[in-house]
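Each remark here refers to the structure printed beneath this line.
Atoms within each ligand, like the ligands themselves, are counted from 1 in listed order.
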Amino acid sequence: MAANPIEVDPYTSLSDEACEARIVAAREKLGERLVILGHHYQRDEVFRHADFSGDSLKLSRQAAASKAEYIVFCGVHFMAEVADILSRPEQVSILPDLAAGCSMADMANLAKVERAWRELATVLDPDEEVTPVTYINSAADLKAFCGRHGGIVCTSTNARHVLEWAFGRRDKVLFFPDQHLGRNTGYTMDIPLEDMVVWDYDQPMGGLSAQQIRDARLILWKGFCSVHQMFRPEHIDRFKEKYPDAHVISHPEAPFEVCRKSDYVGSTEYIIKTIREAEPGSRWLVGTELNLVNRLHDQYRHEGKSVHFMSPTVCMCSTMFRIDPQHLLWTLENLVDGTPVNRIRVPAAEAEQARLALNRMLDVSP
Ligand code: 13P
Ligand code: SF4
């Protein structure tokens, strides 16, 4: 019979330093039975223990390819769900702290999306005319919704390929939950802003008239990332006044005006690659989460590259930050004891439909 799991309480008072050596020891004991995946926004004390790091697309591919018995996901809830959906049934996906959610993902839920679908059906035939596209930053049941309605998932890396696929099948797209990724991507595909509308999920019919819905090509859910929402075009203007030769790079979750003023726009992986390959001596203003920007700053300082954070206020993803060395250690020592804690399990029927939408995405991704 399996032992009871060790409680988290005694771990929360440990120092980061005290956790470090015990995490290394637990990893050694678990060997190839364990893989730790770490998103780029993780704090350094956790990030350094990741076997693989990446953006959402890279990590979901990694989860699908992994043979490890335990996949410990240092990221947020939807990422651990994707790992569970794409891995084999006997593999165990774990999120070290269950409170590590994504506030943007929470801005859409199945009840609201199904209501939107029903309301759209009063104006047109959504299953013939609208492809639902969910950003990977969403709950598994929304991915399942896309799976059963001929839709697809996207990440910040493949949003353009996914939208091309979606428009190749139906005239319109309902894009949730991030309006910014949808708008920024649609605009680069030459969809004029007039052809995009925002679906306000708190209002009947999304706050739109029947005519606005009929005229729209891209229907954008009114969601946003509270971290990337903080970046403003005036931050770029002020920086450029001081450093006219500087380059500006932003994540596509940033507002439209910020992305328009940026020289480069792309996923966390793209941001890293661009700065890694940049000329020594170049200067960069970066519009994405603080832990990643600080890491880039430290990593490339010795090459003479200057990496600056875009906002004057601290914009950290507070839910990513919940994964701390204490929770990681607690998770690993329980695994050593044979008692997995914080397992993320998507019900089989839901996982099957979500997998459809995820596999469509993986098929069209570059
Ligand atoms: P990436 O897929 O670009 O890493 O983005 C994930 C995310 O949550 C950004 O806020
Ligand atoms: Fe979600 Fe924003 Fe955090 Fe990314 S940075 S996980 S979108 S809250």
Side-chain angles (χ1 to χ4, degrees), residues 37-43 46-47 50 52-63 73-83 95-109 133-139 142-143 153-162 175-182 184-185 221-231 249-255 258-259 262 264-275 286-296 309-311 313-323 358 361-362 365-366:
L37 303 182
H39 186 265
H40 294 306
Y41 292 165
Q42 289 291 299
R43 53 168 93 183
V46 169
F47 190 78
F52 298 99
S53 59
D55 63 4
S56 307
L57 179 65
K58 195 168 159 190
L59 291 176
S60 47
R61 282 185 168 138
Q62 208 55 254
F73 217 121
C74 296
V76 287
H77 193 268
F78 71 82
M79 297 178 177
E81 277 188 337
V82 169
L95 183 66
D97 185 344
L98 294 180
C102 163
S103 54
M104 174 212 280
D106 294 342
M107 289 177 191
N109 62 37
V133 177
T134 188
Y135 189 21
I136 197 163
N137 296 37
S138 58
L142 291 184
K143 296 182 177 85
V153 179
C154 78
T155 73
S156 55
T157 295
N158 57 27
R160 187 184 173 122
H161 289 85
V162 165
F175 189 96
F176 44 88
D178 186 22
Q179 58 173 301
H180 298 300
L181 177 64
N184 287 323
T185 310
W221 199 259
K222 202 183 174 182
F224 59 88
C225 165
S226 44
V227 178
H228 291 84
Q229 182 92 339
M230 304 280 279
F231 303 123
I249 188 162
S250 300
H251 194 278
E253 287 173 15
V258 169
C259 289
S262 298
Y264 306 87
V265 177
S267 74
T268 54
E269 195 69 24
Y270 171 82
I271 292 172
I272 293 166
K273 181 175 182 285
T274 307
I275 296 182
V286 186
T288 197
E289 204 266 350
L290 187 61
N291 278 293
L292 172 56
V293 181
N294 282 343
R295 192 172 304 123
L296 289 170
F309 186 58
M310 190 177 285
S311 169
T313 47
V314 172
C315 313
M316 237 175 23
C317 177
S318 55
T319 47
M320 285 270 183
F321 198 69
R322 295 202 70 112
I323 309 296
L358 280 161
M361 171 190 84
L362 294 171
S365 294

side-chain hydrogen bond (donor to acceptor under 3.5 Å, both in side chains) filter on Ser53, not counting sequence neighbours, yields none
Note: His39, heavy atoms under 4.0 Å from ligand 1, region reported as side chain
At under 4.0 Å between heavy atoms, what of His251 touches ligand 1? The answer is side chain
Practice problem: Compute the minimum heavy-atom distance from His40 to ligand 1 and say whether it is under 4.0 Å. | Solution: no
Between the CG atom in Leu292 and the OH atom in Tyr41, the distance rounded to the nearest 0.5 Å is 6.5 Å
Exercise for review: Using atom types as modelled and distance alone, determine if a side-chain donor or acceptor of Trp221 lies under 3.5 Å from a backbone N or O of Thr134.
Suggested key: no
*asked:* Is there a polar contact, in the sense of an N or O pair closer than 3.5 Å, between Ser267 and ligand 1?
replied: no
Applying ring-ring contact (aromatic ring centres under 6.0 Å, His included) to His228 and not counting sequence neighbours gives Phe231, His251
min-distance protein heavy atom vs atom 6 (C) of ligand 1 -> Ser56 OG, 3.5 Å
*Judged by modelled atom types alone, do Asp55 and Thr157 share a side-chain donor-acceptor pair under 3.5 Å?*
yes
Logged contact type for Glu253 with ligand 1, heavy-atom cut-off 4.0 Å, is side chain
Does His228 come within less than 4.0 Å of ligand 1, judged by its heavy atoms? yes
**Pairwise side-chain contact, Leu362 with Leu57, heavy-atom cut-off 4.5 Å (strictly under)** = yes
Under 4.0 Å between heavy atoms, the region of Thr155 that gets near ligand 1 turns out to be neither
Those residues at least two apart in sequence (or on a different chain) that pass ring-ring contact (aromatic ring centres under 6.0 Å, His included) with Phe78 are none
Near atom 2 (Fe) of ligand 2, protein N/O/S count under 2.8 Å comes to 1
d(Glu289 CD, Gln42 CD) to nearest 0.5 Å is 9.0 Å
Review point. Going by atom types alone, do Ser56 and Thr155 pair a side-chain donor with an acceptor below 3.5 Å?
Key: no
Could you check if a side-chain atom of Met310 sits within less than 4.5 angstrom of a side-chain atom of Val258, using non-hydrogen atoms only? yes
A student checking ligand 1 against Ser156 at a 4.0 Å heavy-atom cut-off should list atoms 1 (P), 2 (O), 3 (O)
Distance col, row Ile136:CD1 vs Met79:CE, nearest 0.5 angstrom, shows 7.5 Å
query: Is there a heavy atom of Tyr270 sitting under 4.0 angstrom from any atom of ligand 1?
result: no
Logged contact type for Asn137 with ligand 1, heavy-atom cut-off 4.0 Å, is side chain
